[in-house]
2 protein chains.
Amino acid sequence: MAARHEEIAEELRRAIDREEYTVGSRLPTETDLAARYEVSRGTVRQAVAALTSEGLIGSRQGARRVVLASRRSQTFEELRSFAQWARAMGREATGHVVSSTYRPATPEDSVRLQLTAGTQVLHVLRVRGLDGEPVLLERTVYADWISPAVERVEPDCPSVTQRLYEDTGLVFAYGEHVIDAVAAGAQDADLLGIRRTSPLLRVRRVTTTREGRPVEWSDDRYRSDAVTFSVHNSIANNALARRAP
Amino acid sequence: MAARHEEIAEELRRAIDREEYTVGSRLPTETDLAARYEVSRGTVRQAVAALTSEGLIGSRQGARRVVLASRRSQTFEELRSFAQWARAMGREATGHVVSSTYRPATPEDSVRLQLTAGTQVLHVLRVRGLDGEPVLLERTVYADWISPAVERVEPDCPSVTQRLYEDTGLVFAYGEHVIDAVAAGAQDADLLGIRRTSPLLRVRRVTTTREGRPVEWSDDRYRSDAVTFSVHNSIANNALARRAP
DNA sequence: GAGGCCAACTTGTTCAGACAAGTTCCGCTG
DNA sequence: CAGCGGAACTTGTCTGAACAAGTTGGCCTC
């Protein structure tokens, strides 16, 4: 939060949040904002570009910017870390490791994690819950170079992300998520406390470091009555894609 | 495609696509690119910012940019329009209207479409398929001001989006999508040709014009064996959020 | 050979100015 | 009063420059 344009973006977010600019109303012009914050127009543009990509405001050449929404989307960190998300909602994240074993990387593992096939990778199955109620089943495969650090994390640690950061300085920076729906299998039903064949929201994701090196990939299954995902997009900025297998 | 920075972005995308820059390799420096395309560094930065937000490349201060992925995500238009998506995959979009009726707006309708409660809104139920195979059930509610134009569209029109653009100049510009999983109900199962209680991927979305005015909201249910969604994100740019109801 | 330090390199931030392109709204005309 | 035209306004594009901040790789030392 050093850069001036980030400070301005944050101030604008807060102003929208406390309805100083209401949904549907128009933001001040770039020139006005530049004068108010005593920066150049370019710096203001960087700030409003951030809000635009977050879907908070809309932008069209020639017309003043319009406030589209007030509640801001989550940060990458809140999405990445189950525990940080729970805390932001004022609920407690719980969780425990069901199993943790080393297996040779399958062809799929080696492609996703950019490893040579047969490397020993760590498979972890975790159940995670909100205030004790299980809502998520995480089947995660960790790359060989991070596996030892993952093993050192105690089984009921609420935030693995936090722990890995403290221990190794690891920062997750990029993610790719594939979302679909599956029927609960026998193990899923048992661990989540639901009936078999109940619909589950499945998110398969790969997370990489800032250098673009894959750290983990995971098959996460959410109880669909407990969790949904939301995505914002626009002509100028689209992160969402529909795919046929 | 007039702006120079968009042309450069497109050239870089194509270069990545044909593996001139391979995944994991480094992009030329901003100064190099500026010289090559004979533009200023600022213009190059606009171009690479687009690729960064698309998740194609990663960026860190001080280090050269890294190519993270080769396949590019869809444009907003391809996501918005089922027909355009199908065409981009080389498949044929089919579809027909099952029912189309006017009803007074419920409180939920009026909130999502920013209308006064009780306004007559158009409910349309469509089945859509790829090469004749049904994959999607669309339950859409249109705002009153666009309903007449929607009614004029013939029931088996493959691209409603295209049609509305031609007839009224309407452009969809922003979207908010909430994704979860549901079990197929009796009507869902019947129209999609699947068993009852099969898991379906549900996407509830609101689409708005460039002015930020809501046009439609829809409950879309996809056969989970036929369609998935993918989302890309990063620390710098996150459009995805996890929510508890 | 291992490790640390430094110089060169690269991206991030910010400025000021100029013109292009699209929107809005007022006032005029029929 | 409806519709049109145009002036004023606002965002988009692009340049060139300067400095800050972070990364990389090679050289030097121990």
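In what follows, every chain begins at residue 1, and chains take the letters A, B, ... in the order their sequences are listed.
A rotation axis mapping the C1' atoms of four pairs onto the next four is fitted at both ends of the helix from C/dG1-D/dC30 to C/dG30-D/dC1 over five pairs, and the angle between these axes is 20° to 10 degrees.
Ion pairing of A/E216 with A/R112 is absent here, as no side-chain N (NZ or NE/NH1/NH2) approaches a carboxylate O to less than 4.0 Å. Contact check on A/R4 versus A/E7 returns a salt bridge, with a Lys/Arg side-chain nitrogen under 4.0 Å from an Asp/Glu carboxylate oxygen. Note on B/E10 versus B/R13: salt bridge recorded, some NZ/NE/NH1/NH2 to OD/OE distance being below 4.0 Å. The existence of a salt bridge linking B/E20 and B/R14 is excluded, since no basic side-chain nitrogen approaches an acidic carboxylate oxygen closer than 4.0 Å. Using a 4.0 Å cut-off between charged side-chain N and carboxylate O, A/E78 and B/R242 make no salt bridge. A salt bridge does not link B/E176 to B/R204: none of the charged side-chain nitrogens sits closer than 4.0 Å to a carboxylate oxygen. Comment: A/E11 does not engage A/R36 in a salt bridge, judged by the lack of any side-chain N to carboxylate O separation of less than 4.0 angstrom.
In this structure, CD of A/Q61 is placed 13 Å from C1' of D/dC9, rounded to the nearest angstrom. Between the P atom of D/dT13 and the CZ atom of B/R4 lies a distance of 14 Å, rounded to the nearest Å.
If you check every strand for non-hydrogen atoms under 4.0 Å, B/R65 touches sugar and phosphate atoms only. If you check every strand for non-hydrogen atoms under 4.0 Å, A/R60 touches sugar and phosphate atoms only. Here A/Q46 lies in heavy-atom contact (under 4.0 Å) with a base.
For the residue pair A/T106 / A/E108, no side-chain donor-acceptor distance below 3.5 Å is found, with atom types taken as modelled.
Seen from the ring of A/W145, A/R213 counts as a face-on cation partner, given the 6.0 Å and 45° thresholds.
Comparing B/A63 and A/L27 along DNA chain D, the residue whose closest nucleotide (by nearest heavy atom) sits nearer the 5' end is A/L27. Residue-to-nucleotide proximity on DNA chain C shows that, of A/H5 and A/R64, the 5′-proximal contact is made by A/H5.
First and last contacting nucleotides of DNA chain C toward chain A (any atom under 4.0 angstrom from a heavy atom, 5' to 3' order): C/dT13 to C/dC25.
Of all nucleotides listed (D/dT23, D/dT15, D/dA18), D/dA18 comes nearest to the side chain of B/R41.
With A/L33 as reference, A/L12 is the one residue of A/L12, A/V39, A/T43 to meet the side chain to side chain contact (heavy atoms under 4.5 Å, CB included) rule.
Taking a 4.0 Å limit (strictly below) on heavy-atom distances, residues 31-39 of chain A does not reach DNA chain D anywhere.
Separating the CG atom in A/D167 from the CD atom in A/Q162 is a distance of 10.5 Å, to the nearest 0.5 Å.
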